[in-house]
Amino acid sequence: MERTDGEETVVAENGTTSKDGSICGFDSLHRLLQASLTPQLFQEVSRILLGLNCGKEVEPIALPQPVKALSSEHDFDLQAFSFSADRESLRGPRIVRVGLIQNSVALLTTAPFLDQRRAIFQKLTPMIDAAGSSGVNVLCLQEAWTMPFAFCTREKKWCEFAEPIDGESTQFLQEFARKYNMVIVSPILERDVNHGETLWNTAVIIGNHGNIIGKHRKNHIPRVGDFNESTYYMEGNTGHPVFETAYGKIAVNICYGRHHPLNWLAFGLNGAEIVFNPSATVGELSEPMWPIEARNAAIANSYFVGSINRVGTEVFPNPFTSGDGNPQHADFGHFYGSSHFSAPDASCTPSLSRHKDGLLISDMDLNLCRQLKDKWGFRMTARYEVYADLLTRYVKQDFEPQVISDPLLHKNA
Ligand SMILES: NC(=O)NCCC(=O)O
């Protein structure tokens with residue numbers, strides 16, 4: 001296949017994605033469709049796939065030339081869009097510029113740990129500068145961004161990457177927060193020095209003055225495939241906090257929490273306007289779920305969602321098994337990036353690259369959240385008391401499911 005940009009398309013042996021992590025040589029599904037369909041067909045497909053925001057496609061926005069130069073020089077995908085809301089007569093627009101960064105690790109997993117962490121800092125510096133210079137107000141990084149996603153190995157040496165919430169990575173980001181007047185959400189492997197040096201999967205919320213506003217710990221820990229995270233840390237104990245920042249009310253639903261609709265709901269009930277979903281997930285396991293779950297959460301809860309996934313394949317020194325009878329292997333599979341934003345009106349942005357580092361920026365008028373609540377009335381029609389009652393009964397030992405069997409079902413047996 002010949003691509004419209006002149007490059008040759010790479011079709012992998014299995015006919016699907018290329019070894020480099022691209023989709024048949026394209027950076028994303030969106031770009032593959034754009035190159036393969038006529039403009040008219042592409043517009044129609046996009047209308048359905050990405051939805052419409054205030055009756056039109058989510059609009060691309062222009063970024064300053066120096067920011068584009070950073071993306072070319074450091075080879076990261078850079079995309080920017082704008083979600084609007086209807087004009088209101090009693091409230092002015094509440095436009096916030098939000099950024100997501102996805103990245104691969106910078107060194108081999110065999111390099112000294114300090115070098116690995118510092119190399120990631122170095123790699124992220126131009127990307128965070130690009131976000132700050134673009135006027136991003138709130139920036140979120142990927143899950144456990146300071147380290148390789150080593151939880152597949154079950155080896156305890158990787159615990160060394162854990163840091164207290166005011167540790168080296170927070171100090172690194174605090175400088176940027178101050179410099180750019182930017183809130184930064186920093187998901188790290190946390191070591192709680194005040195509670196027996198225990199480990200947690202935590203997002204640190206750094207305020208736009210460089211202050212630490214608070215933290216949230218991952219609520220739901222995966223036990224699927226190679227995601228052996230329960231070997232390292234326990235389910236979070238911070239509830240569903242919403243952080244009121246200079247730029248709106250934000251919350252963090254860390255990775256596997258996105259499969260739990262009640263987790264999304266709880267952040268919504270606490271008043272979140274933007275929920276970030278910093279993640280680390282691989283193609284074979286979850287790619288078909290990825291664009292659906294975040295979008296559904298944004299719709300059901302009338303808030304914006306920023307989904308971030310790391311990129312690349314991380315190879316570990318010692319092979320491990322998935323406990324499924326398949327041969328041992330030394331990598332997790334391909335982390336497919338594809339970070340994107342979803343809005344409460346069912347529109348979403350195209351995704352960042354499936355295989356390259358990237359910065360995705362979006363303007364969002366937070367008035368859209370209440371406008372969608374008024375339009376669809378999901379909060380008013382939710383019947384919370386019915387579900388509160390069911391859940392209260394369900395968690396009791398003597399719960400019996402409400403099943404009414406067809407009396408004829410067992411008659412002939
Ligand atoms: N990091 C993490 O929770 N991954 C679990 C796999 C998934 O949820 O796709």
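Here the structure is a predicted model, which means the values were calculated and not measured. Just so you know, these numbers use all the heavy atoms, side chains as well, and skip hydrogens, waters and symmetry mates. First listed ligand is number 1; within each ligand, the first listed atom is number 1.
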- [ ] Considering the heavy atoms of Glu143, write down every atom of ligand 1 situated less than 4.0 Å from one of them.
- [x] 1 (N), 2 (C)
Open item on the list: For His260 and Tyr256, I'd like to know if the aromatic rings sit close, meaning centre-to-centre distance below 6.0 Å.
Closed with: yes
Task: Contact summary for Lys68 and Leu63, nearest pair of heavy atoms - done: CE-O, 3.4 Å
Open item on the list: For a salt bridge (Lys or Arg N to Asp or Glu O under 4.0 Å) check, start with the C-alpha distance between Asp363 and Arg97, then their side-chain angles and the critical distance, and finish with the verdict.
Closed with: CA-CA 4 Å; Asp363 285 350; Arg97 183 162 283 196; 2.6 Å; yes
Open item on the list: Do the side chains of Glu293 and Arg258 get close enough for a salt bridge, i.e. N-O under 4.0 angstrom?
Closed with: yes
- [ ] Answer yes or no for Ala280: is there a heavy-atom contact with ligand 1 below 4.0 Å?
- [x] yes
Open item on the list: For a quick test of reading the model, state the closest non-hydrogen atom pair linking Leu360 to Ser339 and the distance between them.
Closed with: CD2-O, 3.6 Å
Open item on the list: Side chains of Tyr247 and Asn181: any donor to acceptor distance under 3.5 Å?
Closed with: yes
Open item on the list: Regarding Asn137 and Asn208, do their side chains bring together a donor and an acceptor under 3.5 Å, going by distance alone?
Closed with: no
- [ ] From atom 5 (C) of ligand 1, work out which of Phe332, Trp290, Phe335, Phe227 has a heavy atom at the shortest distance.
- [x] Phe227
- [ ] Provide, to 0.1 Å, the distance between atom 9 (O) of ligand 1 and the closest protein heavy atom, together with that atom's residue and name.
- [x] Thr281 OG1, 2.6 Å
- [ ] Heavy-atom contacts with Phe149 under 4.0 Å: which atoms of ligand 1 show up? List them by number with element.
- [x] 1 (N)
Open item on the list: Under 4.0 Å, heavy-atom basis, I'd like to know which part of Leu285 is in contact with ligand 1: side chain, backbone, both or neither.
Closed with: side chain
Open item on the list: Please list the nearest protein heavy atom to atom 2 (C) of ligand 1 with its residue and the distance rounded to 0.1 Å.
Closed with: Cys255 SG, 2.9 Å
Task: Aromatic ring pairing Phe304/Phe83, orientation class (parallel under 30°, perpendicular over 60°, tilted between) - done: tilted
Task: Proximity flag Arg258 to ligand 1, non-hydrogen atoms under 4.0 Å - done: yes
- [ ] Mark up the atoms of ligand 1 that fall under 4.0 Å of a heavy atom belonging to His259, in ascending order.
- [x] 7 (C), 8 (O), 9 (O)
Task: Residue from Asn253, Val305, Val138 passing side-chain contact (heavy atoms from CB on, under 4.5 Å) with Phe276 - done: Val138
Task: Where ligand 1 meets Ser286 - atom numbers and elements under 4.0 angstrom, heavy-atom basis - done: 9 (O)
Task: Shortest protein contact, atom 3 (O) of ligand 1 (heavy atom only) - done: Lys218 NZ, 2.7 Å
Task: Proximity of Tyr256 to ligand 1 by residue part, where a heavy atom lies under 4.0 Å - done: both
- [ ] Report yes or no: does Glu229 have a heavy atom closer than 4.0 Å to ligand 1?
- [x] yes
Task: Numbered atoms of ligand 1 (with element) below 4.0 Å of Pro222, judged on heavy atoms - done: 2 (C), 3 (O), 5 (C)
